[in-house]
Amino acid sequence: MSALRRALPPVVIGLAGLVAWELVVRVNAIPYYILPGPLLVLQTLISDWRTLYPSLLVTLAITGAALLVATVAGVLISILFAQSKLIELGLFPYAVILQVTPVVAIAPLIIIWVKNIPLALLICAWIVAFFPIVSNTTLGLNSADHNLVNLFQLYGASRRQVFWHLRLPSAMPYFLGGLRISGGLALIGAVVAEFVAGTGGSQSGLAYRILEAGYTMQIPRMFAALLMITCSGILIFLALTGLSYVILRKWHESAVEREV
Amino acid sequence: MIARLQQVDKVYANGVVALRHLDLDVGEGEFLSLLGPSGCGKSTVLRLVAGLGEVSGGRIEWPNGNGRARGDIGFVFQDPTLMPWATVSANVLLPLKLRGVPGDEGEARAREAIGLVGLDGFERAYPRQLSGGMKMRVSIARALVTRPRLLLMDEPFASLDEITRFKLDNDLLQLWARQRWTVVFVTHSVYESVYLSTRIAVMTARPGRAASEVVIDAPAPRDEAFRTSPLYHEYCRQVSARLAEATRA
């Protein structure tokens, strides 16, 4: 199926939904402070761009930094886990504990402990984002084909050679799958932490704009900020999917186009 | 003589006795098949010879040389066992790369090995672009690239269709006739073992041991004429009888 034909159904459904939303708002004369129509949201997005855009950059900077740190730390932790089953058994439960504890619940503590607000936000976003990378990459590093491991052994490969030429490439599809999940989670983590921190001034991200607009009943602006967060999430997902495709397209089943 | 297995036992950690008192000689330049029911420890023998495990009892001797020189052994698994992220050329080059053979020399030898198995022009292809038979050829090229004295093959063609298998059997025999390495070939096909081998060791069911052997005294080159000859069928009948005997025992 061509890309165009694949994109058509969701686009049609989306447009129909927007038209229906606009109609419901107009026919029932719903006031803008309860539910603004999509056209008003778009107008607000354009008119408030000078306030919203810097906040978007703040949120994206924290998201990007958290994802970067989560990737580097996640891969390093996975490599550590892959070195010894004992280390993995000893530490993995704590990675799980960090993952299952809701970030909203620990964000206030982190903000108290870490005086530097952007750093505190970064830590919160990192906690949310790093687990999928660790868990997937660890799985990948342990999933090298058993016969290939034997083959490397037969030719007298060193531990380092097995790692670089076998375990790491085997883990690549798993790692990229984890990265795609972590990209979205880093954004969610950053926004949640911003909500808790509620910083003001020039350093404030989109979550603060949403809070602020809520207090002052600027509901269209809330929607505009929400739209920006959603679009950022989609773009992050698409970018990471594209990266995954570029890296895997030559060899991995997930990226291979098949003719039937 | 290349290798001599004396009274070899293999007991796995879970208590399964795979081999008991196995005696087997591997002669220089022969094409030896290990034939037996599945689970009789044929693959275990290959793995022990290759050094991918330790014997539990008995010993493996290497009369011409101080133990086993790793580079002297090539191994072909039942599955092609290729690295999917690497091209044909990179897959074949792997054993040389692991041993630090310099790039140019390695490339030349990889090209030569790819040529031997008839895959010229596919150097840059990825495994997923190849058919099952072609993947197996890559696997054989990788085993040959170190110019081994001993080639160990673990049911290499078992998962291929019969037409492809006949073709690979013939190509393997031609290569063997030209290069004269020693082959130990594991199979559970009576017909394939008779067609290929100079000698067949028939193994008993688990725990495995060499029950009897049949020397296939048929002239080279072997071809379709041999496959349809009365001599071939006589050998097949004889080997089948030995196999039935070993399975009963």
Side-chain angles (χ1 to χ4, degrees), chain A residues 75 78-79 82 85-86 136-137 139-180 241-260, chain B residues 43-44 46-54 67-88 90-101 106 124-130 135 138-140 142-146 148 150-152 154-156 159:
Chain A
V75 169
S78 308
I79 291 172
K85 202 74 197 160
L86 204 65
N136 272 26
T137 311
L139 181 66
L141 288 172
N142 290 329
S143 298
D145 180 343
H146 184 69
N147 280 331
L148 275 173
V149 175
N150 278 336
L151 187 83
F152 273 68
Q153 212 181 325
L154 182 74
Y155 290 114
S158 64
R159 239 177 119 79
R160 175 184 296 216
Q161 282 175 322
V162 172
F163 181 78
W164 282 106
H165 297 300
L166 180 58
R167 289 196 190 280
L168 218 53
S170 303
M172 192 51 102
Y174 295 83
F175 161 72
L176 289 167
L179 185 64
R180 272 205 302 197
T241 305
L243 177 73
S244 175
Y245 175 77
V246 167
I247 294 176
L248 299 182
R249 76 198 145 112
K250 288 249 175 64
W251 64 275
H252 198 254
E253 285 298 331
S254 67
V256 173
E257 298 237 353
R258 291 215 176 270
E259 290 175 30
V260 177
Chain B
S43 301
T44 306
L46 283 198
R47 296 174 60 84
L48 291 176
V49 171
L52 293 171
E54 295 297 323
R68 146 188 56 228
R70 280 262 161 76
D72 283 355
I73 295 181
F75 203 115
V76 179
F77 294 88
Q78 184 168 358
D79 300 312
T81 314
L82 303 175
M83 300 180 292
W85 55 83
T87 59
V88 166
N91 266 294
V92 173
L93 191 60
L94 178 76
L96 299 179
K97 193 155 114 189
L98 291 177
R99 285 222 246 108
V101 174
R124 309 230 57 80
Y126 284 83
R128 64 168 185 84
Q129 298 168 307
L130 306 178
K135 282 185 208 164
V138 178
S139 186
I140 293 171
R142 181 181 57 196
L144 296 181
V145 79
T146 58
L150 176 60
L151 185 61
L152 306 173
D154 188 2
E155 299 189 37
S159 59

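Lettering follows sequence order; numbering is per chain, from 1. On a predicted model such as this, the values are computed, not experimentally measured, just so you know.
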- Query: For A:N147, is it the side chain, the backbone, both or neither that has a heavy atom under 4.5 Å from a heavy atom of chain B?
  - Reply: both
- Residue part contacting chain B, namely of A:S170, when any heavy atom lies under 4.5 Å: both
- Message: Is the shortest side-chain heavy-atom distance between B:W85 and A:L166 below 4.5 Å?
- Response: yes
- Message: Show the nearest heavy-atom pair for residues B:K97 and A:Q161, with the distance to one decimal.
- Response: O-NE2, 4.0 Å
- Item | Residue part contacting chain A, namely of B:R142, when any heavy atom lies under 4.5 Å | both
- Using non-hydrogen atoms and a 4.5 Å limit, figure out which bit of B:F75 sits close to chain A: side chain, backbone, both or neither. both
- Message: I'd like to check A:N150 versus B:F77 (side-chain heavy atoms, cut-off strictly below 4.5 Å). Are they in contact?
- Response: yes
- Item | Pairwise distance CG(B:N91) to CG(A:L148) - rounded to 0.5 angstrom | 8.0 Å
- Query: Under the criterion side-chain contact (heavy atoms from CB on, under 4.5 Å), which of B:L98, B:L96, B:L94, B:I73 is the partner of A:Y155?
  - Reply: B:L98
- Message: I'd like to know if the side chain of B:R128 reaches the main chain of A:K250, judged simply by a donor and an acceptor atom lying under 3.5 Å from each other, with no hydrogens or angles considered.
- Response: yes
